[in-house]
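Input: a single structure, listed below in C-alpha cells.
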Amino acid sequence: MSAALESAPGYRARHTLPIRVEAARQLRRRRTLVMGAVLAALPFVLIAAFAIGGDPEGRNARVTLMDTATASGVNFAATTLFLSAGFLLVVPVALFCGDAVASEASWSSLRYLLAAPVPRSRLLLSKLAVALGFSAAAMVLLPLVALVAGTAAYGWGPLRIPTGGSLDAGTAVARLAIVVAFVFVSQLVTAALAFWLSTVTDAPLGAVGGAMGLTIVGNVLDAVTALGGWRELLPAHWQYAWADALQPHLEWGGMVKGTAVSVSYAVVLFACAFRHFRRKDIVS
C-alpha cells in the first residue's frame, strides 16, 4: 500500500503537512496568543514595579545586575532575561513542544493526519520545526519588548556592568543577541524532553508538566554541591553561562560547554521521540 501511495499521481510525501500550514494552525490557538501576551506584558509589569518601589539599590555594597536594571533600556532588557531565563522561558518551550503531538492525539485527529496520508517522520518534522520556531520567537519577543519598553522608560544608553565598566549600547545589543541564542540552545533539552513525552502520552498536560518537572529536578540537583564535578553533566549547571557575554571581554568557555551538554542530551531525546513514534500504534 505504501508503494501505491508513493506512485499515486501528484502525491509527494515532502509536500504533506507544510510547515506554513502547521504554523498557521498553531498561531491561531488560544494558548499561543495567551503565552505571547504574557511575555509581552512582563516588561511593563517590571517597569510598574520599579515605579512603585523606587529604583533598586545595592545590597551590602555589592552591585548586581538587578541593581542596574533602571540604568538604561539595555540594562533593563538584560535584567528581564536574568529574571526569566531560569524558569519563565522554560514554560513556552515545554508548552509548544509538549503539546505538539499529544494535542492531536487528545483531539483524536492524529490518526486522520496520518491517513491523509502524512508520513510519520514528516509529521514529526513539521511539528518539531514549528514548535522550535515558536519557542525561539518567545525568547526573542521578551527581550525585544523589554528593550523597547526599557528605552522608553529609562533612555538609550550603555550597558552598565555590575562588576565595573560598561559596554556601549550597540555592542551591548549584539551581546544580548548572543545571550538569547545561548538561552535558546540551553533550552533544547527541555524542548526535546517535552517532544519525546508528547509522542509517548496522549495527554498534553502530562508532556508539558513532565518536561517542566524534570527540568526543575535538574535545577535542584545542580544545587547539591556534594555532587562536585558531576554537576557539569547537568544542563542546568550552565544555564547562566551567558553572563560571560555581558563582560568587557567576551568569554566563550562556559557557553561552549553548556551548548555541548544541551545539544548532546537533545539529540538523544529527539532520536528517542522519532524512534518511538515510528513504532507506536496510533489509536487516537
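Without hydrogens or angle criteria, Ser198 side chain to Ala194 main chain gives no donor-acceptor distance under 3.5 Å. The backbone N or O of Phe277 sits nowhere less than 3.5 Å from a side-chain atom of Thr199 that would complete a donor-acceptor pair. Of the possible polar contacts, none joining the Arg160 side chain to the Asn75 backbone as a donor-acceptor pair under 3.5 Å is found.
Open room surrounds CZ on Phe82; 12 or fewer heavy atoms of other groups in view lie less than 6.0 Å from it. Summarising the local packing, CH2 of Trp156 is surrounded by more than 12 heavy atoms from other residues, nucleotides or ligands at distances under 6.0 Å. By the neighbour-count criterion of 12 heavy atoms within 6.0 Å, atom CZ of Arg29 is densely surrounded, having more than that number from other residues, nucleotides or ligands. The environment of CG in Leu205 is sparse: at most 12 heavy-atom neighbours from other residues, nucleotides or ligands sit within 6.0 Å.
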Verdict with reasoning, Ile178 to Leu250, per side-chain contact (heavy atoms from CB on, under 4.5 Å): CA-CA 10 Å; Ile178 294 175; Leu250 179 59; 4.1 Å; yes
Leu233 and Val261: CA distance, side-chain angles, deciding distance, side-chain contact (heavy atoms from CB on, under 4.5 Å) verdict: CA-CA 7 Å; Leu233 298 178; Val261 171; 5.7 Å; no
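Shortest non-hydrogen contact noted between Met212 and Ala94 is CG-CB, 3.6 Å. Between Ser84 and Leu142 the shortest heavy-atom distance is OG-CD2, 3.1 Å. The shortest non-hydrogen separation linking Thr68 to Pro162 is OG1-CG, 4.4 Å. Considering every non-hydrogen atom in both Met255 and Ala241, the closest pair reads CG-O, 3.6 Å. When every heavy atom of Tyr265 is checked against every heavy atom of Val189, the shortest pair comes out as CB-CG2, 3.9 Å. Between Pro143 and Val180 the shortest heavy-atom distance is CG-CG2, 3.7 Å.
In this structure, Leu128 and Phe274 have side chains that are in contact, with non-hydrogen atoms separated by less than 4.5 Å. A heavy-atom distance below 4.5 Å is not found between the side chains of Val91 and Val38. In this structure, Phe96 and Leu132 have side chains that are not in contact, with every pair of non-hydrogen atoms separated by 4.5 Å or more. Two residues are said to be in side-chain contact when any heavy atoms from C-beta on lie closer than 4.5 Å; Phe184 and Val93 fail this criterion. A 4.5 Å side-chain heavy-atom check between Arg231 and Leu221 finds every atom pair outside the cut-off. You'll find the side chain of Leu188 reaches within 4.5 Å of the side chain of Val185, heavy atoms only. No side-chain heavy atom of Val145 sits less than 4.5 Å from a side-chain heavy atom of Leu39. A 4.5 Å side-chain heavy-atom check between Phe182 and Thr259 finds at least one atom pair inside the cut-off.
The only member of Leu167, Leu246, Thr171, Leu159 that meets side-chain contact (heavy atoms from CB on, under 4.5 Å) when paired with Val74 is Leu159.
No path of Ile, Leu, Val, Met, Phe, Trp and Tyr side chains, each step under 4.5 Å between heavy atoms, connects Val268 with Leu214, placing them in separate hydrophobic clusters. Tracing side-chain contacts under 4.5 Å through hydrophobic residues (I, L, V, M, F, W, Y), one reaches Leu95 starting from Ile216; they form part of the same cluster. Side-chain heavy atoms closer than 4.5 Å link hydrophobic residues (I, L, V, M, F, W, Y) into clusters, and following such links, even through other members, never connects Val34 to Phe87. Residues Phe44 and Leu141 share a hydrophobic cluster, clusters being chains of Ile/Leu/Val/Met/Phe/Trp/Tyr side chains in contact below 4.5 Å. Under the 4.5 Å side-chain heavy-atom criterion for grouping Ile, Leu, Val, Met, Phe, Trp and Tyr, Leu125 is connected to Val267 within one hydrophobic cluster.
Of the inter-residue distances, the one linking Ser126 atom OG with Gln26 atom CD reads 11.0 Å to the nearest 0.5 angstrom. The SG atom of Cys97 lies 10.0 Å from the CG atom of Leu193; values are rounded to the nearest 0.5 Å. For the atom pair CD1 of Ile19 and CZ of Arg122, the computed distance is 6.0 Å after rounding to the nearest 0.5 Å. With rounding to the nearest 0.5 Å, the separation of OG1 in Thr80 from CD1 in Ile47 is 8.0 Å. Trp196 CH2 to His276 NE2: the interatomic distance, rounded to the nearest 0.5 Å, is 8.5 Å. For the atom pair CZ (Arg31) and CZ (Phe134), the distance works out to 7.5 Å, reported to the nearest 0.5 Å.
Counting only residues at least two apart or on different chains, the side-chain hydrogen bond (donor to acceptor under 3.5 Å, both in side chains) pairs with a member in residues 209-226 are Thr190-Thr215, Asn219-Gln239, Asp222-His237.
Between Phe76 and Phe50, the two ring planes are perpendicular [angle over 60°; tilted spans 30° to 60°].
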